[in-house]
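Before any comments, here is the structure.
Note that the structure is a prediction, hence the values are computed from the model and not measured. Only heavy atoms go into these numbers, but all of them, side chains included; no hydrogens, no water, no symmetry mates. Sequence lines set the chain letters: A, B, ... in the order given, protein chains first and strands last, and positions in each chain run from 1.
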Amino acid sequence: MQKELPKAYDPKQVEPKILQFWLEKKLYHAEIDKTKKPFVIVIPPPNITGALHMGHALNNTIQDVIIRIAKMNHFNALWVPGTDHGGIATQNVVERLLIKEGKTKHQLGREKFLEFMWQWRKETGDTILHQLKHLGCLCDWERTRFTMDEICSAAVYKAFKKLFDQKYIYRGERIVNWCPRCQTALADIEVEYKTQTDKLWYIKYPLKEKKGFITVATVRPETMLGDTAVAVNPEDERYKNFIGEVVILPLMNREIKIIADKVVDPEFGTGAVKVTPAHDPADFEMAQRHNLEILKVINEDAKMINVGVYSGLDRFECRKKVEEDLNKLGLIEKVEDYTHNVGICYRCGTVIEPLTSKQWFIKMKEIAQKAHKAISEGKVIYYPEVYRDYTLNWLENIKDWCISRQIWWGHRIPIWYCKNECEPFVYETTPEKCPHCSSKEVFQDQDVLDTWFSSALWPFSVFGWGIDENNSELKYFYPTQILVTGYEILYLWVARMIMMGLHFLDEVPFKEVYVHGIVRDIHGKKMSKSLGNVIDPLDIVEKYGTDALRFSLVSSTTAGRDIHLAEESFVSSRNFMNKLYNMTRFIMLNIKEEDEPELKNWLSQEILHSSENFTISEYWILDQFQKLILTIKDYYEKYLLGNISRELYDFIWFKYCDWYLETAKINLQKEEKRISTLGVLVYILEKILKLLHPVIPFFTEHIYQSVKKFLPQTKDSILETSWFEIQKIDLSKHKKEIFIFELIKEIISEIRSIRNEFKLQPNIKPKVIFTVEDNTQEAFLTEYSIYIQKLSFVDTIDIVNKKHISFSKPRYSSSAVFNISKEIGSVELYVLLEGIIDFEKEKLRLKKEIEETEKFLQLLESRLNNSEFLTKAPQEEVKKIKEKHILTKEKLEKIKKYYQEILF
RNA sequence: GGGUGCGUAGCUCAGUUGGUUAGAGUGCCGCUUUGACAUGGCGGAGGUCACAGGUUCAAGUCCUGUCGCACCCACCA
């Protein structure tokens, strides 16, 4: 390293070069290697409409951390990237573009529109992958897939064909959420609910055989035109005699039956409910159970049909008309206000019309059971665990999957119909003739598959399952190791991958699922353009650097919880990068050129492992480092990546820099200590870099390249080294040194505190006196007083052995007592403040200290007076409290005595 | 309506299996340009751990209830 090093770290200088280096070395690429265990992640493919947002940044950073750790743990790590065609969402985006150009998709027609889609996908579809590359993501770019590319489409076709042949796929007239504006069925998940207050109408339906009425309540009177029954609860005493009776449906004058069904809530309304199977999901189910007629009275444009004079009216106009007509007939018993949820289209806000239509479904029950079993047996492990139970619960209540969508963008359903109404058949391309009647007039289903159908196959479609299910890549890389995802697509996607993986390959698609939360703003609100609270990851990269972005994201995560992000977080991470940079800079600037061979020699001879001849701060930092490693190991096993980052931050900043580095400065002054001090500095630096690398890859790679020349064993890239190495140094014989350094730290903090309390300017260096009671104490204080002197900015340190010299307490001073250990006893510290301090302030300070100490003593005594504590608490605990009690008591007496003296 | 999670310093959050006087970042106050770093250093103020009970020698941590917030599922006329 040059002498002229900038004082601040500049990621913009570093990141492009490092990225280039990785790409050129192809460190991202993995091939089949039977000597190594594979560790595979498939990316949750981002939608091609997407520009990178914070959610992507989080999701992919986590994956990158995991894949880099795997690589550094010497697995054959592979991360497969790709994008998703995104169905409705993408079609919408492009449709809006077209509208801006004054075109609609209907004007263009299907073929032209799709051409436009593909063109668009070609131009903008991979933007997000480029952005991920710059985020440092170590995806195998040579394996980039797209859900509608040849490889993945082959899988879609094969899966569809198999499911069809196995009779899992069926076509059914089912009730779906229909958006009359968008003209398509919507998945349940695509329906939003809005709370609104409407009128609840109580309508009297005349009985046919008897006199009187049965009254039903509804908020949608127009649907009564499609009623095919009235239902009551079988247990409802009021209506027991009505079951089986026939009523005359007003306005339509149709006869409909009164049936009994236990879903009817006797508490609601009148306890009797009108049944409109074609326009209400619950009623539809009832109709299935009771074999009711399903009468469609509202069409796809939300206009009334099959209802005589009402036909052609809009559903809301019709509502008014029905109300009027019922009023005229005197059939409205009463009207109440009623607040309820109304389903609306998540895209346009139009009120959803549930209606029946022909859709393709997959029978899910059997397939779900296999998944349920596998998850219960622990074949898929969820982090955090709660998500396993959510998934199991969902699988238990699974419904058939509606896989047809009335849009154009997607995999067109490979079903063909024949003019002669033969059985529909599956054919991948255009068939020449109907296989049943050989008619040449065949036409393909108009619909496309739900976008999640191809997503569900993703973990194996990317390895070419669709083309050859026995290919060697699939055999080697499948099942994958871990899937990283947000909890919002646990059912839509994750559960379905598990089901499809088990169904087609008889193996779960991944062994582990890492579930993370959603990135929100600082107040917990979702980031959205309309709220104006979006933080763009690209802006953050620009301002603070990629590593700062990554570090903030990773260290903010805690097991499955949402992240509340504020820009300050990135400032803090940027500062940490700078701290890291300057800490390295300090070490580099202290290594002279002529030191290099000696230093390298020192590091290679593993003198370290002999665990002799270190200073106390070195024993201490090596001990702290050992503890850090064990903690990290523990966290890694539970994938607590946030905790790992926070631990590293604390260790580096508050231990390595604040304390060890400061003492190292002192040791570097001593010629005989120079090399060993530099040695320990570099030893820990190297290991820190490796541990940090998965989270902040650019910075660590950059520094590694500079540190390399001192290291005995190196690789081209830090990625090729080991993430994790248990330290081989045995520190068990040096507990005493470690303990002493802790004590020295305390003493230094105390003196600093006293300095601040009396507002001593830095140029004022007071004298400090320690009183000790024996030679042991004297010896160690003498040995280490240099640390105290330098780090707390004091002039001289006198050590008075009370055995030999009589000692009278200095008048103007501030004191403290340090309990070294039971064996060694305690030492007293006096900071001489004569001529410097305000005497009155000192009295107040002492008074406060006495109060605090008394309070603490009381606490300890109350414990020791508790006989049950003495017998039931662990012995160690009791012993600790006892020791503490004795020492505190001594301390209190001393302070009190001193306080008396100072009062004259 | 059913379920889950959360409520700890002004703000955002850590806090393992219950065990000394509850921590960090940020903000605030004071001191500080000393040869790694002012994107820094040192010190400080600030918390009845939502509330009420209970279990325990001991509860931020376990149990019950209440209130508040968020989300998931269902969407029942």
Measuring centre to centre across the rings, with the benzene-like ring taken for any Trp, is Phe213(A) within less than 6.0 Å of Tyr205(A)?
no
Determine, for Phe586(A) and Lys665(A), whether the Lys NZ or Arg CZ falls below 6.0 Å from the six-membered ring centre while staying within 45 degrees of the axis.
yes
Pick the C1' atom in C31(B) and in A45(B), then give their distance to the nearest Å.
15 Å
Does the side chain of Tyr9(A) reach to within under 4.5 Å of the side chain of Lys579(A), using non-hydrogen atoms?
no
Once base and sugar-phosphate atoms are separated, protein heavy atoms under 4.0 Å mark nucleotides 34-40 of chain B, 5' to 3', with B, S and - as --BB-BS
Report the stems of RNA chain B as range-with-range entries sorted by first number; a stem here is at least three consecutive pairs, Watson-Crick or G-U wobble, both distances under 3.5 Å, and write none if there are none.
B:1-7 with B:67-73, B:10-13 with B:23-26, B:28-32 with B:40-44, B:50-54 with B:62-66
Would you say the base of G44(B) and the side-chain of Asn756(A) have a donor-acceptor pair closer than 3.5 Å?
no
State whether the side chain of Asp283(A) and the backbone N or O of Pro277(A) hold a donor-acceptor pair below 3.5 Å, judged by distance alone.
no
Tell me if a side-chain donor or acceptor on Arg574(A) pairs with a main-chain N or O of Phe570(A) at a distance below 3.5 Å.
no
When rounded to the nearest Å, what value does the distance between P atoms of C72(B) and U66(B) take?
24 Å
Does the gap between the ring centers of Tyr581(A) and Phe699(A) come in under 6.0 Å?
no
Glu868(A) vs Lys274(A), nearer the 5' end of RNA chain B by closest nucleotide
Glu868(A)
Could you tell me how far C73(B) sits from U61(B) if I compare only their P atoms? Round to whole Å.
31 Å
Tell me which of Arg752(A) and Leu200(A) sits closer to the 5' end of RNA chain B, going by the nucleotide each one is nearest to.
Arg752(A)
Do His290(A) and Asp261(A) have side-chain N/O donor and acceptor atoms under 3.5 Å apart?
yes
C1'-based separation of U17(B) from U32(B) [nearest Å]:
44 Å
Out of C57(B), C72(B), G44(B), which has the shortest distance to the side chain of Tyr491(A)?
C72(B)
Picking from G25(B), C75(B), C71(B), the nucleotide nearest the side-chain atoms of Tyr649(A) would be G25(B)
Would you say that Leu249(A) contacts Lys274(A) through its side chain, given a criterion of any heavy-atom pair below 4.5 Å between the two side chains?
no
Going 5' to 3' along nucleotides 9-20 of chain B, which nucleotides have protein heavy atoms under 4.0 Å from the base (write B), which only from the sugar-phosphate (write S), and which from neither (write -)?
---SSS----BB
Say you pick atom P in A59(B) and the same atom in C49(B); how far apart are they, in whole Å?
12 Å
With rounding to the nearest 0.5 angstrom, report the OG1 to CG distance, Thr663(A) to Leu661(A).
8.0 Å
Is the centre of the Tyr639(A) ring less than 6.0 Å from the centre of the Tyr636(A) ring?
yes
Is the centre of the Tyr387(A) ring less than 6.0 Å from the centre of the Tyr382(A) ring?
no
